[in-house]
Amino acid sequence: MAEEVKKLNKIFLIIFSLGWTLLWISLFFKHTRTLWWIGDFLLFFLLVYIFFKNKTFFISFNKFFLLLIFLFLLCLFPFAINSYYLLASFEAFLLNYFFHICIAFLLIYFVYYYEEFIFSPTFFGPILITNLAINLYHFLFVLIKCNFYLLCFITNGYVLAESSLLKGFVITSSTYLFCFIYFLFLYLRSSSKRLLFLFMALFNLFFIFWLGRRAVLLALILSFFVLFLLSNKQRLKIIGLTFLFLIVFGLIFFFTTPWGKQILIRSDNLKLLFTFKYENFAKAGSFGMRLYIWPIYINKILEDPFSGTGLGRRVQKKVLSETNKRALSLEHAHNLFLNLSLQAGIHTALVFFIIYLYTLIIAFRLWKTTKEDYIAGTLFLFLLAFFIISMFEGMEEGTRLTPFWIASGLTLGLWAKLNFPQVH
């Protein structure tokens, strides 16, 4: 029997490793939708098998969270099947939500039963390899396109993203955020490979600057500041303050150079924001345009708060074509909760908001209960930062949302391990 279990564990490991690797390839690389489907299906298949072998664990696990997830899927499903574009909405239901939730539960199980799972090569190996591969590829791609001219290289990281194999600087922003924080955690936690993990953390921070991810930088500044304020651990305070100053000074340096302004300000006219006139916001650039379109989409939601276009950005774009024209043709609300309200009603967005808030509170309590353990601190840091990003970008779509569910699964698995006895 022991040999049979051992053999099954190896099979589990192979299935998980393959699915996990394909998932991470799809997070970074273009033209990988098929790999995304295969990776999701492999991880879903593994979860189904584990569920039937460990029903007691899943049934007894955190009943409040299970209720929230059930309510969320119950709210989503009508908008998956009652849509002007049924196939697009049902696909969005599976890829954006259902498979992501399955990945979260799979990670909850692994973290609960295998203490060192988060630190294992099985978990971090695919993240490290795919992250390093895309970073080096895009780094060299831009360098070659610029004929090794340094100024061109510095200013064209985000410009050339669309013509490279990088999935897109907006789509990958949450993944870069996750990789930065995760490798920072491994640097703090590990006794070996520390320099490698520190290099990867800084390499991802460089990409966040280079791709001009202003919302991510703002989220990191606020999150590191909160970490510094709330932490009692001297080393965490130092780390929080170090990265806070590193990002702030990096921004100051960028804003004092013409090429830095080109990356971070681009065509924005910040003076128009300070006129505080609504009609001027549309001409003020990225943030001003958001201030202009949010009231338009909020009014649209309030017209019929419990209805929606059907799930998926493609569906939202087609059904709300007239509203989108009034909203500067930006195609969506550039806010996770507004987009979810438009697609599936305000009640669905509210349930997701409660799930998010609950997970964030659990992450904070986990951090404090474990006397500020590094993994708990970094998970709290990520969830807080991702929430801030979600206020400025539609993170509900596709792989943008994957890092949130990964972090949620890790958080709830660690919380269950700490608070509930081992279930066999």
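Sorted by first and then second residue, the salt bridge (Lys or Arg N to Asp or Glu O under 4.0 Å) pairs with a member in residues 207-226 read Arg214-Asp268; sequence neighbours excluded. Here salt bridge (Lys or Arg N to Asp or Glu O under 4.0 Å) pairs that include residues 223-235, with residues two or more places apart or in two chains, number zero.
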Full working for side-chain contact (heavy atoms from CB on, under 4.5 Å) between Leu196 and Leu128:
CA-CA 10 Å; Leu196 171 63; Leu128 176 67; 4.0 Å; yes

Report the C-alpha separation of Glu91 and Arg33 in whole Å, then their side-chain angles, then the decisive distance to 0.1 Å, and conclude whether the salt bridge (Lys or Arg N to Asp or Glu O under 4.0 Å) test is met.
CA-CA 12 Å; Glu91 181 186 61; Arg33 197 172 188 82; 2.9 Å; yes

Just do the ring-ring contact (aromatic ring centres under 6.0 Å, His included) check on Trp259 and Phe253 with the steps written out, would you?
CA-CA 10 Å; Trp259 51 265; Phe253 176 70; 5.7 Å; yes

Under the criterion side-chain hydrogen bond (donor to acceptor under 3.5 Å, both in side chains), I'd like the reasoning laid out for Ser89 against Ser83: C-alpha separation, chi angles, the key distance, then a yes or no.
CA-CA 7 Å; Ser89 287; Ser83 168; 2.7 Å; yes

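Between the side chain of Tyr137 and the backbone N or O of Leu165 there is at least one donor-acceptor pair closer than 3.5 Å. Panel note: side chain Arg313, backbone Gly394; a donor-acceptor pair is recorded below 3.5 Å. Formation of a donor-acceptor pair under 3.5 Å by the Ser17 side chain with backbone atoms of Ile14 is not found in this model. Judged by distance alone, with hydrogens and angles left aside, the side-chain atoms of Asn419 form a donor-acceptor pair with the main-chain N or O of Trp415 at under 3.5 Å. A donor-acceptor pair under 3.5 Å links the side-chain atoms of Ser120 to the main chain of Phe117, judged by distance alone. A donor-acceptor pair is defined here as one N or O able to donate and one able to accept, closer than 3.5 Å; such a pair exists between the side chain of Asn335 and the backbone of Leu338.
By the 4.5 Å heavy-atom criterion applied to side chains, Leu27 and Thr130 are not counted as neighbours. Between Leu106 and Phe16 the shortest side-chain heavy-atom distance falls below 4.5 Å. Using a 4.5 Å heavy-atom threshold, the side chains of Tyr187 and Phe199 count as separate. Taking 4.5 Å as the limit, some side-chain heavy atom of Leu418 sits within range of a side-chain heavy atom of Thr370. Counting heavy atoms from C-beta on, the side chains of Ile103 and Asp40 come closer than 4.5 Å. Thr155 has its side chain out of reach of Cys146: every pair of non-hydrogen atoms, C-beta onward, lies at least 4.5 Å apart. In this structure the side chain of Ile355 reaches within 4.5 angstrom of the side chain of Phe65, judged on heavy atoms. Contact check for Asn135 versus Tyr176: side-chain heavy atoms found under the 4.5 Å cut-off.
To the nearest 0.5 Å, atom CD1 of residue Ile361 and atom CG of residue Leu366 are 13.5 Å apart. Summarising the geometry, atom CG belonging to Leu401 is positioned 11.5 Å from atom CG belonging to Leu95; distances are rounded to the nearest 0.5 Å. Rounding to the nearest 0.5 Å places CG of Leu342 at 11.5 Å from CZ of Phe79. Summarising the geometry, atom CD1 belonging to Ile38 is positioned 12.5 Å from atom CG belonging to Leu23; distances are rounded to the nearest 0.5 Å. Separation of atoms CZ (Phe45) and CD1 (Ile50) is listed at 10.5 Å; rounding is to 0.5 Å. How far CD of Glu396 is from CG of Asn339: 4.0 Å, rounded to the nearest 0.5 Å.
Classification of the Phe380-Trp367 ring pair by plane angle, with boundaries at 30° and 60°, yields parallel. Ring orientation note: the planes of Tyr358 and Phe64 are nearly perpendicular, at an angle over 60° on the 30°/60° scale. Aromatic ring orientation, Phe209 versus Phe254: tilted (interplanar angle from 30° to 60°). Between Phe178 and Trp24, the ring-plane angle classifies as tilted under the 30° and 60° cut-offs. Taking the six-membered ring where the residue is Trp, Phe337 and Phe353 present perpendicular rings, their angle passing 60° and hence far from 30°. Taking the six-membered ring where the residue is Trp, Phe58 and Phe105 present tilted rings, their angle falling between 30° and 60°. Between Phe139 and Phe206, the ring planes lie tilted relative to each other; the angle falls in the 30° to 60° range. Ring geometry for Phe110 against Tyr114 counts as tilted: the plane angle lies between 30° and 60°, on a 0 to 90° scale. Taking the six-membered ring where tryptophan is involved, the planes of Trp36 and His100 are tilted, since the angle between them lies from 30° to 60°. In this pair, Phe99 and Phe44 present their aromatic rings perpendicular. The plane angle is above 60°, beyond the 30 to 60° band.
Of all the heavy atoms in Val351 and Cys75, the pair that sits closest is CG2-SG, 4.2 Å. Taking all atoms of both residues into account, the shortest heavy-atom contact from Asn96 to Gly398 is OD1-N, 2.9 Å. Annotation for Leu86 and Ala80: closest pair CD1-O, 3.4 Å, computed over non-hydrogen atoms. The two residues Leu211 and Gly157 make their nearest non-hydrogen contact at CD2-O, 3.5 Å. When all heavy atoms of Gln316 and Thr309 are compared, the pair lying nearest together is CA-OG1, 3.6 Å. The two residues Ile263 and Trp210 make their nearest non-hydrogen contact at CG2-O, 3.9 Å.
With respect to the salt-bridge test (charged N to carboxylate O, under 4.0 angstrom), the residues Glu393 and Arg290 qualify.
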What pairs of donor and acceptor atoms, side-chain ones from residues 237-251 against any protein atom, are under 3.5 angstrom apart with sequence neighbours left out?
from: Lys237; atom 1: NZ; to: Phe228; atom 2: O; distance (Å): 2.7
from: Lys237; atom 1: NZ; to: Ser231; atom 2: O; distance (Å): 3.1
from: Thr242; atom 1: OG1; to: Ile238; atom 2: O; distance (Å): 2.6

Run the side-chain donor-acceptor check on residues 168-175: report pairs under 3.5 Å with partners two or more places apart or on a different chain.
from: Thr172; atom 1: OG1; to: Gly168; atom 2: O; distance (Å): 2.7
from: Ser173; atom 1: OG; to: Val170; atom 2: O; distance (Å): 2.8
from: Ser174; atom 1: OG; to: Arg400; atom 2: O; distance (Å): 2.8

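Residues Asn324 and Tyr297 bring a donor and an acceptor atom of their side chains to less than 3.5 Å of each other.
Cation-pi geometry between Arg189 and Tyr374 is not met at under 6.0 angstrom from the ring centre and within 45 degrees of the axis.
Open room surrounds CG on Asn82; 12 or fewer heavy atoms of other groups in view lie less than 6.0 Å from it. Within 6.0 Å of atom CG in Leu195, 12 or fewer heavy atoms from other residues, nucleotides or ligands are found, so the atom counts as exposed in its surroundings.
Lys193 meets the salt bridge (charged side-chain N to carboxylate O under 4.0 Å, His left out) test with no other residue; sequence neighbours excluded. Lys317 meets the salt bridge (charged side-chain N to carboxylate O under 4.0 Å, His left out) test with Glu331; sequence neighbours excluded.
Applying the ring pair (Phe, Tyr, Trp, His ring centres under 6.0 Å) test between Phe124 and each of Tyr182, Phe197, Phe183 identifies Phe197 as the sole match.
For Trp405 and Tyr356, the distance between ring centers is not under 6.0 angstrom. You'll find the ring centres of Tyr97 and Phe72 inside the 6.0 Å limit.
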